[in-house]
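For reference, the structure is listed below as structure tokens.
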There are 2 protein chains.
Amino acid sequence: MKIDPTSSADLSAQIAQSIKAAIINGDLIVDQRLPSETELSDHFEVSRPTVREALKRLAAQSLIRTQRGATGGAFVNRLSFEDAYAQQVTTSTLLLSMNDVSFQTACEARYALERACAPLSALRRNADQLATMRAEIFRQGQPNLSDEAFCASDVAFHRALVDGAANPVLSYQLAGAVEAMQPLMNMITFSARDRARIVALHCEIADAIDQGDGPAASDGLQALEQETLSLAQKVFETRAAKS
Amino acid sequence: MKIDPTSSADLSAQIAQSIKAAIINGDLIVDQRLPSETELSDHFEVSRPTVREALKRLAAQSLIRTQRGATGGAFVNRLSFEDAYAQQVTTSTLLLSMNDVSFQTACEARYALERACAPLSALRRNADQLATMRAEIFRQGQPNLSDEAFCASDVAFHRALVDGAANPVLSYQLAGAVEAMQPLMNMITFSARDRARIVALHCEIADAIDQGDGPAASDGLQALEQETLSLAQKVFETRAAKS
DNA sequence: TCGTTTTTATTTGTCTGACATTTAAAAGTC
DNA sequence: GACTTTTAAATGTCAGACAAATAAAAACGA
């Protein structure tokens, strides 16, 4: 682990990069303790605040965790799926909101990925996941549900569908695509008729998953994508006409 | 932007969280300048090193960038697809390597997602992307190619396929799934016959994409998944027998 | 001897104050 | 007016100190 003294980059960034490389490279393994801050500052020949800035950078990426006390220190952190989900969701959300990605593009990506999960979910979903899907469909039918709550329920429905594939890697990848759409979906107001159509399609999809019919589930998702797109289109046209 | 003085968490983590929330929430917009470190330390009633640790945490997530000098400071950073790709790839890679995800699971996820791109790619790929695919196929046929180089070329081929869908959100999501597999693939040694079969399937896929035949491309990917899985199976069996 | 309490050493968390470096604008000079 | 110099403001880095947490070691009491 060394740094380039001629580089113009921040020392803390260089040090963080160096340690990160060691972790990715396998030189530092999970739960291994890093040298203390004082030892690191001796090693890299920098001050302790600089080392600390480097460690905070790593902590922000969930690459290390720190413990105070006699046997404390910084430890290489096992990146959990949970942590990775959370990172993935915020990154995806910011990516969409900061780069004016069109609703169409985001929607297309989301449904394309979800259709990839459908056949697996039809094979493997468990009773819990199916029950969640049914419960969310029921919730979506309640007449006094706010638009935000409707969207949140929609996300929960789709997460259950994705989790049904019983593949944590898929669930992780999809988390971003599904949840990052929520802010975009929240811009839409759903009329009672819109909701009815969506609920009907959700039923169709849940039934297909229930019966192990992957292709039917895919078709349902395809129809739902069309429905969502045309809904959004209407909203944007109305909004454009107003201004 | 406030912090909870009763919380036991690190001040720098709280401050980072507070600023992050402001960014996500839209209170701080892209390219907006944050208050100077001194102003922030006054505002949060902490010392400057603590504020700096918080800012480094945000910088590590590409949420802000800093500039030195008279008009410098910390600015809200537009999260670029490029930055997000890189984060996604390292996160996915670490996730796989640290959680002993089975080859099968990772492979299934990767090909399921890739099949989701195939129909779009068949419709939209441009000449460049097709040329890249052909070029990589050619490279994969060279007899004196190392296994690592073969894997790298494989990744390049599949990236071109994914990028052909002309949907940056898809490309971003897939980056992790495809690239994170590389370390796993590197554990495999490819015999000449193995390579020939893979190249043949790559040709089949490229032809399908060329002719705009999405379903055929999907079928090719399905076959490739089977091939990859059985290859890996053989390697693992051999390795198990040895020990 | 065993169990409890106290002490101690180590490590991270935070603060203060200082200086270095970079940068752009302001001031000065020709 | 164009160029150079100065200045001010901001981040980057350093040194040293103390606070707080924590576990191990030592001391103590029954």
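The separation between B/Ile15 atom CD1 and C/dG13 atom P is 14 Å, rounded to whole Å. Note: CG (B/Leu40) to P (D/dT11) measures 8 Å, nearest angstrom. Remark: P of C/dT14 and CD of B/Gln14 are 9 Å apart, rounded to the nearest angstrom. The CZ-C1' distance, from A/Phe75 to C/dT11, rounds to 10 Å in whole Å. Distance B/Ile64 CD1 to D/dG12 C1': 14 Å, rounded to the nearest Å. In this structure, CD of A/Glu37 is placed 14 Å from C1' of D/dA20, rounded to the nearest angstrom. As rounded to whole Å, 14 Å separates atom C1' of D/dA10 from atom CG of B/Leu34. Nucleotide C/dT14 holds its C1' atom 15 Å from the CZ atom of B/Arg48, rounded to whole Å.
The shortest heavy-atom contact between B/Arg57 and B/Ser12 is NH1-OG, 2.6 Å. Of all the heavy atoms in B/Ala109 and A/Asn167, the pair that sits closest is N-ND2, 3.7 Å.
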Can you give me the N/O atom pairs linking the protein to nucleotides 22-27 of chain D at distances under 3.5 Å, or say none if there are none?
unit_1: D/dT22; atom_1: O2; unit_2: A/Ala70; atom_2: N; d: 2.9

N/O contacts under 3.5 Å, protein versus nucleotides 3-6 of chain D?
none

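Identified under the ring-ring contact (aromatic ring centres under 6.0 Å, His included) test for residues 75-98 of chain A, with sequence neighbours left out: none. The ring-ring contact (aromatic ring centres under 6.0 Å, His included) contacts involving residues 156-182 of chain A comprise A/Phe157-A/His202, A/His158-A/His202, where partners must be two or more places apart or lie in separate chains.
Between C/dT12 and A/Lys56, no contact under 4.0 Å exists linking OP1 or OP2 to a side-chain N or O. The phosphate of C/dT11 (OP1 or OP2) has a side-chain N or O of A/Arg33 nearer than 4.0 angstrom. Taking 4.0 angstrom as the limit, B/Ser12 places none of its side-chain polar atoms (N or O) nearer than this to OP1 or OP2 of C/dG13. Under 4.0 angstrom from either OP1 or OP2 of D/dG12 there lies at least one side-chain N or O belonging to B/Arg52. Distances shown here put every side-chain N or O of A/Thr50 at or beyond 4.0 Å from the OP1 or OP2 atom of D/dG12.
Remark: A/Arg115 engages A/Glu225 in a salt bridge (charged side-chain N to carboxylate O under 4.0 Å, His left out) (not counting sequence neighbours). Looking at residues two or more places apart in sequence or on another chain, you find a ring pair (Phe, Tyr, Trp, His ring centres under 6.0 Å) between B/Phe150 and B/Phe190.
Salt bridge status for B/Arg68 with A/Asp10: absent, with no side-chain N to carboxylate O gap under 4.0 Å. Here B/Lys56 does not pair with B/Glu53 in a salt bridge; the nearest charged N to carboxylate O distance is not below 4.0 Å. Under 4.0 Å is where a charged nitrogen must lie from a carboxylate oxygen, and between A/Asp154 and A/Arg110 at least one such pair does.
Taking every side-chain heavy atom of A/Asp10 into account, D/dG12 is the closest of C/dG13, D/dA10, D/dG12.
Here A/Leu11 lies in heavy-atom contact (under 4.0 Å) with sugar-phosphate atoms only.
Side-chain atoms of B/Glu148 do not come within 3.5 Å of backbone N or O of B/Asn186 as any donor-acceptor pair.
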